[in-house]
Amino acid sequence: MTFGILDDRYLEKVPGTGLLSDQGIVHGHEVAIDEAKNLKRGTGKYAHVVLIPQPSDDPRDPLNWPRWKKEACFWTLAFAASLDGALSPMVGPGYVLLSKQFNVSVDDVTSSFGFILLGLGTFMLAQNALAVKFGHRIVYLFSVSLMFISCIWCALSPNLASIRASRLFQGFGMSALQSLVASTLEQIYCVHERGSRSVIWSFSIMAGITLGPLICSYVIQNLSWEFGFWFVSIPLGMTMIMVFFFVPETTFDRNAAMRPLKRRDSDNGSMEKSLAVSEVESVESRPSFPAPPSYLSQLKIWHGTFSDDRLWRIFLRPFPFLLSPVTWFLFLSHGMQTVWLSLVPLCSSTIFTLEYDFNATQIGLTNLGGLVGIVLAMLVIGPLNDWGIVWISKRNGGIYEPEFRLVFMLSMLFGVFGYVGWAVGNDHQMPWIGAVSCITMLNFSIVVSGSAAVTYLLDTHGENALHILALSNFGKNMVLYGSTFFANGMVLSRGVKVSLLILGACQAFCWSSSVPMYIFGKRVRSFIARHPQIFGRDLPSEKRVI
């Protein structure tokens, strides 16, 4: 066992396990690792880090992009993700007021605005297939444009029927920024860079979820709920321009670019043993590649197709991944945790009206606790995530195991304490600041553990992570949409204490899934590699234990 991770009995080298550091700690002394001397490494403070995956020599490879280009692409998508997160719960503080305006129940208003979750879930699998077939860029442009148009539509809606339709199309547009970004991270960043980026992406979505209701509460209280959508449409229009100029196509077939190099190395046999040990490529004997494309040529929207498979086949491709334990782990630890947390702003109008007699503005201000939690998560765990896995890898002889990421799943316990503490405190007339502190713990929990779960998925399933994330998000949004029909009613009938204790128990159950995943994760990766006919991942040659 490696730090509690069970070794595999079938494969000598399990995909996902790789050489991450050119130095290891043996009996308390730092030693150099010979297998790393001919491999590409990072620069600056990461000069000792072996790049996983190894970039090709092709200048079109996103891993070879200049730093400014990667950062412009990533931060544009992070900004778009924050607006994506804001759209769903932004009207939450005004649900009680809207129920009086439309003369319906709070659950009717919640489910009407909750149509965005129905659109988000149903289109998740479709945009996944479109991205594989036509590339990421055109899907991002389509998604942001649809968010912008439907936002204006919602602002002009005269009744709940029109609101339902506009929110449905908003959900269609939001889907790419909640799943496709993870695939982009896998394409442009190496393993030692993904953790902090995943934290920032999670932070961006949660910042939108937190600040959206906060800002919109003032708009609802002093103007109207329609003005909230008018205001959001302004940055969405800016985002359309930013995506056009700063998010080029990231789809790239790195295996095809590596193939000439593999043939040369196979002929001379000089690196064959090294390849079997570290599953990375030699930097010697560089084949010739086309010149890098110009900036203007990358601005075109249509880049042709990237797959010869028919669209319906690509659409069905994710479903065999339901047999992967990683899919269910992600659904429980990331997807369902998001459901529990999303129910808080959905029900915040009811909870804080019942317990503290808050108005819409005061209810919106409670989201400041969530903002503090996600900021702390980004500042503390963001840098620690990538540094931590390098530190552990050095003490494992330089070898990286994706399960090292799952150590950060312990942060889910902060969520358990938040729900239970809120429930118990509420039963003892806890002041409102106590409830806001519990919301802080809930948001801290989801940013840290959610980013760890997504990064683990990228490390274990690579290019197929997109399919699993789409399945998980589909299930999550369907559960969340169904909850909008009874969530506020449950708070009214069962009370705040019982409702929060139920959420705390669900959070604890979801956290428990990370324990067997950590222990048996390496064997799960071996199972996935040994069944390429199901999971579409070829088993590297000469890896079976005889």
Side-chain angles (χ1 to χ4, degrees), residues 76-95 98 109-124 127 139-157 160 162-181 201-220 224-240 242-243 338-339 341-346 348-349 360 364 367 370-371 374 473 476-477 480-481 483-484:
T76 297
L77 294 176
F79 178 68
S82 66
L83 297 175
D84 181 290
L87 280 176
S88 181
M90 59 183 288
V91 194
Y95 282 163
L98 285 168
V109 174
T110 304
S111 60
S112 295
F113 280 90
F115 259 65
I116 196 171
L117 301 170
L118 181 62
L120 181 60
T122 54
F123 199 67
M124 191 72 68
Q127 63 86 24
V139 174
Y140 282 134
L141 286 169
F142 172 77
S143 295
V144 176
S145 301
L146 196 55
M147 288 167 61
F148 173 71
I149 295 170
S150 58
C151 202
I152 296 175
W153 178 3
C154 194
L156 295 172
S157 295
L160 286 179
S162 180
I163 288 173
R164 293 187 191 102
S166 63
R167 295 286 276 181
L168 183 70
F169 281 93
Q170 270 184 15
F172 290 167
M174 288 171 58
S175 59
L177 295 166
Q178 292 203 15
S179 64
L180 202 58
V181 176
W201 175 43
S202 297
F203 167 82
S204 299
I205 295 178
M206 294 305 302
I209 293 174
T210 303
L211 290 176
L214 171 62
I215 298 173
C216 195
S217 64
Y218 282 93
V219 178
I220 294 172
S224 68
W225 65 269
E226 293 95 338
F227 272 95
F229 288 99
W230 284 117
F231 290 149
V232 173
S233 66
I234 297 173
L236 277 174
M238 296 170 54
T239 303
M240 289 173 57
M242 293 170 62
V243 170
T338 306
V339 171
L341 184 60
S342 297
L343 289 176
V344 173
L346 286 177
S348 61
S349 184
N367 287 279
L371 183 62
I374 61 179
N473 282 334
K476 172 197 76 176
N477 286 296
L480 186 55
Y481 174 67
S483 302
T484 62

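Below, each value reflects all heavy atoms present in this structure, side chains not excepted, and no hydrogens, waters or symmetry copies.
One distance of note links CG of D84 with CD1 of I205; it measures 6.0 Å at 0.5 Å rounding. Atom CG in L168 sits 12.0 Å away from atom OG in S112 (nearest 0.5 Å). The line from CG of L177 to CD of Q127 is 9.0 Å long, rounded to the nearest 0.5 Å. Atom CZ of F115 sits about 11.5 Å away from atom CZ of R167, to the nearest 0.5 Å. With rounding to the nearest 0.5 angstrom, the CD1 atom of I374 is 5.0 Å from the CZ atom of F203. The distance from atom CD1 of I152 to atom OG of S166, rounded to the nearest 0.5 Å, is 11.5 Å.
At distances below 3.5 Å, not a single donor-acceptor pair connects side-chain atoms of Y140 with backbone N or O atoms of L77. Looking at N473, its side chain never comes within 3.5 Å of a backbone N or O of M124 through a donor-acceptor pair.
Considering all non-hydrogen atoms of both residues, L120 and M174 come closest at CD1-C, 3.7 Å. Nearest heavy atom pair, residue I209 against residue G85, reads CG1-O, 3.3 Å. Taking every heavy atom of both residues into account, Q170 and S150 meet most closely at CG-OG, 2.8 Å. Taking all atoms of both residues into account, the shortest heavy-atom contact from G228 to V219 is N-CG1, 3.5 Å. Here the shortest heavy-atom pairing between G173 and L146 reads N-CD2, 3.7 Å. Of all non-hydrogen atoms in G212 and A86, the two that sit nearest each other are CA-CB, 4.0 Å.
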>> Test side-chain contact (heavy atoms from CB on, under 4.5 Å) on I149 and F169; report intermediate values, then the result.
In response: CA-CA 9 Å; I149 295 170; F169 281 93; over 6 Å; no
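Using the six-membered ring where Trp is involved, F123 and F172 have ring planes that are tilted, between 30° and 60° apart.
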Under 3.5 Å, which donor-acceptor pairs do the side chains of residues 230-240 form with other protein atoms, sequence neighbours left out?
from : atom 1 : to   : atom 2 : distance (Å)
S233 : OG     : W230 : O      : 2.5
T239 : OG1    : P235 : O      : 2.8

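Partners of S224 under the side chain to side chain donor-acceptor pair (under 3.5 Å) rule, at least two apart in sequence or in another chain, are E226. Checked against side-chain contact (heavy atoms from CB on, under 4.5 Å), S204 has the following partners two or more places apart in sequence or in another chain: A78, A81, S82, I200.
The environment of CZ in F142 is sparse: at most 12 heavy-atom neighbours from other residues, nucleotides or ligands sit within 6.0 Å.
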